[in-house]
Amino acid sequence: MPELPEVETVKRGIIELVGEKSYLKKVELMRQDLRFPIPPDLVRRFKNVEISNITRRAKYLMFHTPKGVLISHLGMTGTWREKEKGEKLRTHDHVLMHLKERILVYNDPRRFGSFEYCESENLDSFVRFKHLGPEPLDEEEFNLEYLWQKSRKKEIPIKNFIMDQKVVVGVGNIYAAEALFLSAIKPTRKTKSITKKEMESLIVNIRMVLESAIEAGGSSISDFKQAGGESGYFQNHFNVYGREAEDCFVCSAKIKNISIGGRSSFYCSRCQL
DNA sequence: AACAAGACCTGTAAGC
DNA sequence: TGCTTACAGGTCTTGT
(Lines give C-alpha, C1' and ligand atoms only; values in the text may rest on other atoms or scores of the structure.)
Protein backbone atom coordinates (compact mmCIF):
# COMPACT_ATOMS: atom_id res chain seq x y z
CA MET A 1 0.00 0.00 0.00
CA PRO A 2 2.69 2.37 -0.83
CA GLU A 3 2.01 5.92 -1.72
CA LEU A 4 3.94 8.61 0.11
CA PRO A 5 2.18 8.25 3.48
CA GLU A 6 2.64 4.49 3.52
CA VAL A 7 6.33 4.69 2.71
CA GLU A 8 6.74 7.40 5.33
CA THR A 9 4.96 5.18 7.84
CA VAL A 10 7.15 2.22 7.01
CA LYS A 11 10.22 4.42 7.38
CA ARG A 12 9.11 5.63 10.78
CA GLY A 13 8.23 2.11 11.79
CA ILE A 14 11.68 0.83 10.94
CA ILE A 15 13.35 3.71 12.76
CA GLU A 16 11.10 3.09 15.74
CA LEU A 17 12.25 -0.51 15.75
CA VAL A 18 15.97 -0.25 15.02
CA GLY A 19 16.72 3.32 16.03
CA GLU A 20 18.19 6.19 14.04
CA LYS A 21 21.49 4.43 13.76
CA SER A 22 22.01 0.73 13.36
CA TYR A 23 24.52 -1.76 12.05
CA LEU A 24 23.97 -3.78 8.91
CA LYS A 25 25.84 -7.08 9.05
CA LYS A 26 24.71 -8.23 5.64
CA VAL A 27 22.03 -8.14 3.00
CA GLU A 28 20.78 -11.56 1.95
CA LEU A 29 19.03 -11.98 -1.39
CA MET A 30 16.62 -14.83 -1.93
CA ARG A 31 16.59 -13.91 -5.62
CA GLN A 32 18.70 -11.73 -7.89
CA ASP A 33 15.96 -9.61 -9.38
CA LEU A 34 12.80 -7.82 -8.42
CA ARG A 35 11.47 -5.27 -10.85
CA PHE A 36 15.07 -4.70 -11.93
CA PRO A 37 18.12 -6.87 -11.54
CA ILE A 38 19.64 -6.23 -8.13
CA PRO A 39 23.16 -4.85 -8.70
CA PRO A 40 25.55 -7.82 -8.46
CA ASP A 41 27.89 -6.02 -6.08
CA LEU A 42 25.18 -4.74 -3.75
CA VAL A 43 25.62 -7.53 -1.22
CA ARG A 44 29.39 -7.11 -1.08
CA ARG A 45 29.12 -3.34 -0.79
CA PHE A 46 26.69 -3.30 2.11
CA LYS A 47 28.43 -5.87 4.28
CA ASN A 48 29.29 -4.75 7.83
CA VAL A 49 28.36 -1.12 7.49
CA GLU A 50 26.93 1.45 9.84
CA ILE A 51 23.48 2.74 8.91
CA SER A 52 23.66 6.40 9.84
CA ASN A 53 20.14 7.33 8.86
CA ILE A 54 16.98 6.05 7.21
CA THR A 55 15.10 8.50 5.02
CA ARG A 56 12.46 8.72 2.31
CA ARG A 57 12.45 10.45 -1.08
CA ALA A 58 9.22 10.22 -3.09
CA LYS A 59 8.10 6.62 -2.60
CA TYR A 60 11.64 5.35 -2.09
CA LEU A 61 13.09 4.19 1.21
CA MET A 62 16.79 4.93 1.74
CA PHE A 63 19.39 3.49 4.08
CA HIS A 64 22.40 5.77 4.39
CA THR A 65 25.81 4.21 4.97
CA PRO A 66 29.45 5.19 4.42
CA LYS A 67 29.44 2.82 1.44
CA GLY A 68 26.55 4.57 -0.24
CA VAL A 69 22.80 4.77 -0.01
CA LEU A 70 20.77 1.59 -0.28
CA ILE A 71 17.57 2.54 -2.08
CA SER A 72 14.43 0.45 -2.08
CA HIS A 73 11.01 0.89 -3.64
CA LEU A 74 7.95 -1.02 -2.43
CA GLY A 75 6.27 -1.21 -5.82
CA MET A 76 2.62 -2.14 -5.37
CA THR A 77 2.86 -4.92 -2.82
CA GLY A 78 6.14 -4.52 -0.96
CA THR A 79 6.10 -4.80 2.84
CA TRP A 80 8.70 -4.86 5.59
CA ARG A 81 8.52 -6.79 8.80
CA GLU A 82 10.82 -8.07 11.49
CA LYS A 83 11.58 -11.76 11.25
CA GLU A 84 10.80 -13.37 14.57
CA LYS A 85 13.29 -15.76 16.05
CA GLY A 86 12.75 -19.22 14.62
CA GLU A 87 10.17 -17.92 12.17
CA LYS A 88 10.36 -19.61 8.79
CA LEU A 89 10.58 -17.57 5.63
CA ARG A 90 7.32 -16.96 3.88
CA THR A 91 6.43 -17.05 0.22
CA HIS A 92 7.74 -13.93 -1.51
CA ASP A 93 10.28 -13.04 1.17
CA HIS A 94 12.94 -11.72 -1.21
CA VAL A 95 15.45 -9.70 0.80
CA LEU A 96 16.77 -10.04 4.35
CA MET A 97 18.60 -7.24 6.09
CA HIS A 98 20.65 -8.75 8.88
CA LEU A 99 21.13 -6.07 11.52
CA LYS A 100 22.96 -6.55 14.78
CA GLU A 101 19.95 -7.40 16.89
CA ARG A 102 17.33 -8.38 14.35
CA ILE A 103 16.48 -9.30 10.82
CA LEU A 104 14.29 -7.15 8.61
CA VAL A 105 12.47 -8.92 5.79
CA TYR A 106 11.26 -7.44 2.53
CA ASN A 107 8.28 -9.32 1.11
CA ASP A 108 6.77 -8.51 -2.28
CA PRO A 109 4.39 -10.88 -4.13
CA ARG A 110 4.26 -8.95 -7.39
CA ARG A 111 7.93 -8.00 -7.34
CA PHE A 112 7.35 -4.49 -8.64
CA GLY A 113 9.64 -3.24 -5.91
CA SER A 114 13.37 -2.65 -6.28
CA PHE A 115 16.72 -2.69 -4.50
CA GLU A 116 19.46 -0.49 -5.90
CA TYR A 117 22.03 1.87 -4.50
CA CYS A 118 23.65 5.21 -5.07
CA GLU A 119 27.36 5.44 -4.36
CA SER A 120 27.19 9.09 -3.50
CA GLU A 121 25.21 10.93 -0.86
CA ASN A 122 24.38 13.27 -3.70
CA LEU A 123 21.16 11.51 -4.66
CA ASP A 124 20.48 13.68 -7.67
CA SER A 125 22.99 11.52 -9.49
CA PHE A 126 20.84 8.43 -8.91
CA VAL A 127 19.12 7.51 -12.17
CA ARG A 128 15.64 7.05 -10.77
CA PHE A 129 15.77 10.38 -8.95
CA LYS A 130 16.90 12.41 -11.94
CA HIS A 131 13.45 13.43 -13.09
CA LEU A 132 11.55 13.45 -9.83
CA GLY A 133 9.51 16.52 -9.03
CA PRO A 134 9.42 18.23 -5.63
CA GLU A 135 8.20 16.71 -2.39
CA PRO A 136 4.57 17.74 -1.88
CA LEU A 137 5.15 18.62 1.77
CA ASP A 138 7.98 20.98 0.85
CA GLU A 139 6.26 24.35 0.71
CA GLU A 140 9.30 26.02 -0.77
CA GLU A 141 9.47 23.81 -3.85
CA PHE A 142 5.86 22.75 -4.26
CA ASN A 143 3.89 25.95 -4.54
CA LEU A 144 1.35 27.69 -6.74
CA GLU A 145 3.83 29.42 -9.02
CA TYR A 146 5.57 26.15 -9.74
CA LEU A 147 2.46 24.07 -10.38
CA TRP A 148 0.71 26.79 -12.33
CA GLN A 149 3.64 27.18 -14.67
CA LYS A 150 3.89 23.42 -15.17
CA SER A 151 0.19 23.03 -15.83
CA ARG A 152 -0.36 25.51 -18.65
CA LYS A 153 -0.67 23.83 -22.07
CA LYS A 154 -1.19 20.41 -20.46
CA GLU A 155 -4.01 18.51 -22.12
CA ILE A 156 -3.93 15.49 -19.87
CA PRO A 157 -6.55 14.85 -17.16
CA ILE A 158 -5.71 16.69 -13.95
CA LYS A 159 -5.63 13.38 -12.10
CA ASN A 160 -2.82 12.12 -14.32
CA PHE A 161 -1.03 15.41 -13.88
CA ILE A 162 -0.87 15.24 -10.09
CA MET A 163 0.09 11.56 -10.24
CA ASP A 164 2.99 12.33 -12.55
CA GLN A 165 6.14 11.93 -10.43
CA LYS A 166 7.92 14.49 -12.62
CA VAL A 167 5.36 17.06 -11.51
CA VAL A 168 5.16 16.17 -7.84
CA VAL A 169 6.17 12.97 -6.08
CA GLY A 170 4.32 10.71 -3.70
CA VAL A 171 0.76 11.14 -4.97
CA GLY A 172 -0.69 7.86 -6.20
CA ASN A 173 -4.10 6.64 -7.26
CA ILE A 174 -5.74 6.85 -3.86
CA TYR A 175 -4.58 10.25 -2.70
CA ALA A 176 -5.05 11.81 -6.13
CA ALA A 177 -8.72 10.84 -5.96
CA GLU A 178 -9.08 12.09 -2.41
CA ALA A 179 -7.35 15.43 -3.04
CA LEU A 180 -9.46 16.07 -6.14
CA PHE A 181 -12.61 15.36 -4.17
CA LEU A 182 -11.61 17.80 -1.44
CA SER A 183 -10.96 20.43 -4.10
CA ALA A 184 -14.25 19.63 -5.88
CA ILE A 185 -12.44 19.02 -9.16
CA LYS A 186 -13.57 16.30 -11.54
CA PRO A 187 -10.58 14.03 -12.25
CA THR A 188 -11.12 14.11 -16.02
CA ARG A 189 -10.71 17.87 -16.31
CA LYS A 190 -7.98 18.94 -18.68
CA THR A 191 -5.07 20.23 -16.65
CA LYS A 192 -4.92 23.54 -18.48
CA SER A 193 -8.57 24.22 -17.64
CA ILE A 194 -7.83 24.29 -13.92
CA THR A 195 -8.09 27.83 -12.57
CA LYS A 196 -5.51 29.42 -10.35
CA LYS A 197 -7.92 29.27 -7.45
CA GLU A 198 -8.55 25.58 -8.00
CA MET A 199 -4.85 24.88 -8.30
CA GLU A 200 -4.21 26.65 -5.02
CA SER A 201 -6.90 24.55 -3.40
CA LEU A 202 -5.45 21.40 -4.90
CA ILE A 203 -2.03 22.11 -3.44
CA VAL A 204 -3.54 22.65 -0.02
CA ASN A 205 -5.59 19.47 -0.24
CA ILE A 206 -2.79 17.30 -1.56
CA ARG A 207 -0.78 18.33 1.47
CA MET A 208 -3.73 17.94 3.78
CA VAL A 209 -4.63 14.47 2.62
CA LEU A 210 -1.03 13.24 2.72
CA GLU A 211 -0.40 14.70 6.15
CA SER A 212 -3.61 13.27 7.59
CA ALA A 213 -2.75 9.88 6.16
CA ILE A 214 0.74 10.00 7.65
CA GLU A 215 -0.81 10.85 10.99
CA ALA A 216 -3.27 7.98 10.72
CA GLY A 217 -0.45 5.70 9.62
CA GLY A 218 1.42 6.78 12.69
CA SER A 219 -1.04 4.95 14.86
CA SER A 220 -0.25 1.69 13.06
CA ILE A 221 3.49 1.92 13.57
CA SER A 222 3.25 -0.65 16.32
CA ASP A 223 1.87 -3.07 13.75
CA PHE A 224 5.09 -2.84 11.82
CA LYS A 225 6.48 -5.99 13.38
CA GLN A 226 3.47 -8.00 12.32
CA ALA A 227 2.67 -6.97 8.82
CA GLY A 228 4.35 -3.80 7.71
CA GLY A 229 1.59 -1.32 8.39
CA GLU A 230 -1.56 -2.93 7.20
CA SER A 231 -4.01 -1.83 9.87
CA GLY A 232 -4.95 1.21 11.91
CA TYR A 233 -5.36 3.06 8.72
CA PHE A 234 -6.46 6.05 6.80
CA GLN A 235 -8.82 3.96 4.69
CA ASN A 236 -11.52 4.72 7.23
CA HIS A 237 -11.32 8.32 6.08
CA PHE A 238 -11.68 7.86 2.35
CA ASN A 239 -14.30 10.10 0.83
CA VAL A 240 -14.32 8.52 -2.61
CA TYR A 241 -11.63 5.86 -3.10
CA GLY A 242 -13.12 2.38 -3.16
CA ARG A 243 -16.61 3.77 -2.51
CA GLU A 244 -18.22 3.12 -5.90
CA ALA A 245 -22.04 3.25 -5.76
CA GLU A 246 -21.95 4.39 -2.14
CA ASP A 247 -23.38 7.74 -1.05
CA CYS A 248 -21.20 10.84 -1.09
CA PHE A 249 -20.76 12.01 2.50
CA VAL A 250 -21.34 15.58 1.40
CA CYS A 251 -24.24 15.46 -1.06
CA SER A 252 -25.45 11.83 -0.92
CA ALA A 253 -25.06 11.33 -4.67
CA LYS A 254 -23.67 7.95 -5.68
CA ILE A 255 -19.88 7.82 -6.01
CA LYS A 256 -18.76 6.91 -9.51
CA ASN A 257 -15.80 4.90 -10.70
CA ILE A 258 -14.46 5.53 -14.18
CA SER A 259 -11.22 4.52 -15.86
CA ILE A 260 -8.70 7.29 -16.48
CA GLY A 261 -5.37 6.32 -17.96
CA GLY A 262 -6.21 2.73 -17.16
CA ARG A 263 -6.61 3.41 -13.45
CA SER A 264 -9.85 3.31 -11.50
CA SER A 265 -10.91 6.81 -10.63
CA PHE A 266 -13.52 7.49 -7.99
CA TYR A 267 -15.35 10.77 -7.74
CA CYS A 268 -18.62 12.40 -6.87
CA SER A 269 -20.39 13.64 -9.99
CA ARG A 270 -22.35 16.21 -8.02
CA CYS A 271 -19.55 17.67 -5.87
CA GLN A 272 -16.76 17.54 -8.43
CA LEU A 273 -17.09 19.70 -11.52
C1' DA B 1 7.56 16.94 -26.98
C1' DA B 2 3.40 15.10 -25.36
C1' DC B 3 0.54 11.58 -24.48
C1' DA B 4 -1.52 6.71 -24.53
C1' DA B 5 -0.90 2.11 -24.13
C1' DG B 6 1.65 -1.91 -23.00
C1' DA B 7 4.65 -4.31 -19.98
C1' DC B 8 6.22 -6.26 -15.74
C1' DC B 9 4.15 -9.99 -11.74
C1' DT B 10 1.04 -12.60 -8.38
C1' DG B 11 -3.07 -12.92 -5.57
C1' DT B 12 -7.82 -12.34 -4.94
C1' DA B 13 -12.55 -11.85 -5.98
C1' DA B 14 -16.22 -12.03 -9.06
C1' DG B 15 -18.63 -14.21 -12.85
C1' DC B 16 -20.06 -18.21 -15.32
C1' DT C 1 -16.68 -26.87 -7.27
C1' DG C 2 -13.67 -25.38 -10.90
C1' DC C 3 -12.24 -22.55 -14.64
C1' DT C 4 -11.79 -17.81 -16.61
C1' DT C 5 -11.47 -13.01 -16.30
C1' DA C 6 -10.79 -8.56 -14.34
C1' DC C 7 -8.43 -5.91 -11.35
C1' DA C 8 -5.07 -4.18 -7.54
C1' DG C 9 -1.75 1.19 -3.97
C1' DG C 10 3.70 1.93 -9.41
C1' DT C 11 6.57 3.28 -13.01
C1' DC C 12 9.48 2.11 -16.92
C1' DT C 13 9.35 1.29 -21.93
C1' DT C 14 7.38 1.46 -26.34
C1' DG C 15 4.47 3.35 -29.84
C1' DT C 16 1.72 7.09 -32.00
Side-chain angles (χ1 to χ4, degrees), chain A residues 1-11 30-38 56-61 71-80 90-95 106-116 126-133 136 149-181 187-193 206 209-210 212-214 216-217 220 227-245 257-266:
Chain A
M1 11 201 75
E3 294 183 37
L4 184 150
E6 289 70 35
V7 180
E8 180 64 26
T9 299
V10 168
K11 184 202 82 181
M30 310 313 291
R31 56 182 305 136
Q32 301 302 314
D33 63 298
L34 291 171
R35 165 132 202 220
F36 308 111
I38 296 171
R56 175 193 61 73
R57 166 79 171 115
K59 300 171 190 169
Y60 294 86
L61 196 58
I71 304 172
S72 166
H73 197 288
L74 300 171
M76 293 270 246
T77 51
T79 57
W80 284 88
R90 305 176 190 174
T91 314
H92 307 307
D93 282 347
H94 303 310
V95 179
Y106 177 75
N107 183 288
D108 186 359
R110 289 176 74 178
R111 305 204 300 275
F112 286 171
S114 62
F115 272 79
E116 294 172 298
F126 182 57
V127 204
R128 319 245 172 253
F129 288 7
K130 279 234 167 81
H131 305 290
L132 288 184
Q149 175 268 112
K150 275 245 156 184
S151 68
R152 297 305 83 191
K153 295 187 186 173
K154 286 278 185 198
E155 302 273 352
I156 55 172
I158 183 64
K159 174 161 176 276
N160 293 12
F161 181 69
I162 61 174
M163 286 174 66
D164 183 346
Q165 304 298 298
K166 293 191 286 299
V167 173
V168 60
V169 303
V171 181
N173 203 36
I174 293 176
Y175 298 108
E178 294 299 314
L180 286 166
F181 172 82
T188 50
R189 285 264 301 280
K190 278 187 181 180
T191 299
K192 68 177 185 185
S193 81
I206 285 172
V209 80
L210 294 178
S212 316
I214 290 171
S220 75
E230 193 76 30
S231 59
Y233 240 14
F234 188 71
Q235 63 243 20
N236 311 325
H237 304 296
F238 289 163
N239 281 297
V240 287
Y241 187 84
R243 297 195 61 241
E244 180 176 6
N257 176 12
I258 59 172
S259 180
I260 305 174
R263 315 293 302 273
S264 63
S265 306
F266 301 88

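First the proteins, then the strands, lettered A, B, ... as listed; each starts at 1.
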(request) Round to a whole Å and report the spacing from CZ of A:Arg35 to P of B:dT10. (result) 14 Å
(message) Using the P atom as the point on both nucleotides, what is the distance between C:dC12 and B:dG11, in whole Å?
(response) 24 Å
(message) Measuring only between side-chain heavy atoms, which start at C-beta, is A:Ile162 closer than 4.5 Å to A:Tyr175?
(response) no
(message) Say we look at B:dG6 and C:dA6: how far apart would their P atoms be, to the nearest angstrom?
(response) 14 Å
(request) To the nearest Å, give me how far apart CG (A:Asp33) and C1' (C:dC12) are. (result) 16 Å
(message) Under a 4.0 Å threshold between the charged nitrogen and the carboxylate oxygen, would A:Glu155 count as salt-bridged to A:Lys192?
(response) yes
(message) Between C:dT11 and B:dT12, how far apart are the two P atoms, rounded to whole Å?
(response) 23 Å
(request) Can you tell me the distance, in whole Å, between the CZ atom of A:Phe36 and the P atom of B:dA7? (result) 17 Å
(request) Report the distance from atom CD1 of A:Ile260 to atom P of B:dA4, rounded to the nearest whole Å. (result) 11 Å
(message) The side chain of A:Arg110 is closest to which nucleotide in this list: C:dC12, C:dG10, C:dA8?
(response) C:dA8
(message) Centre-to-centre under 6.0 Å for A:Phe238 and A:Phe266, is that the case here?
(response) no
(request) State, with a plain yes or no, whether a side-chain heavy atom of A:His73 is found less than 4.5 Å away from one of A:Leu34. (result) no
(request) With a 3.5 angstrom cut-off on both distances, give the Watson-Crick or G-U wobble partner of C:dG9, or none if there isn't one. (result) none
(request) Please state whether the phosphate of C:dT11, meaning OP1 or OP2, lies under 4.0 angstrom from any side-chain nitrogen or oxygen of A:Lys59. (result) yes
(request) Round to a whole Å and report the spacing from CZ of A:Arg243 to P of C:dA8. (result) 17 Å
(message) By a 5.5 angstrom centroid cut-off and a 30 degree plane limit, is there stacking between A:Phe112 and C:dT11?
(response) no
(message) Could you check whether any side-chain heavy atom of A:Gln165 comes within less than 4.5 Å of a side-chain heavy atom of A:Leu132, counting everything from C-beta outward?
(response) yes
(request) Let me know the distance between CG of A:Leu34 and P of B:dT10, rounded to the nearest Å. (result) 12 Å
(request) Rounded to the nearest angstrom, tell me the gap between atom CG in A:Leu4 and atom P in C:dT11. (result) 11 Å
(message) Output the rounded distance in Å from CG (A:Asp93) to P (B:dT10).
(response) 15 Å
(request) Return no unless some side-chain N or O of A:Arg111 is found under 4.0 Å from OP1 or OP2 of B:dT10. (result) yes
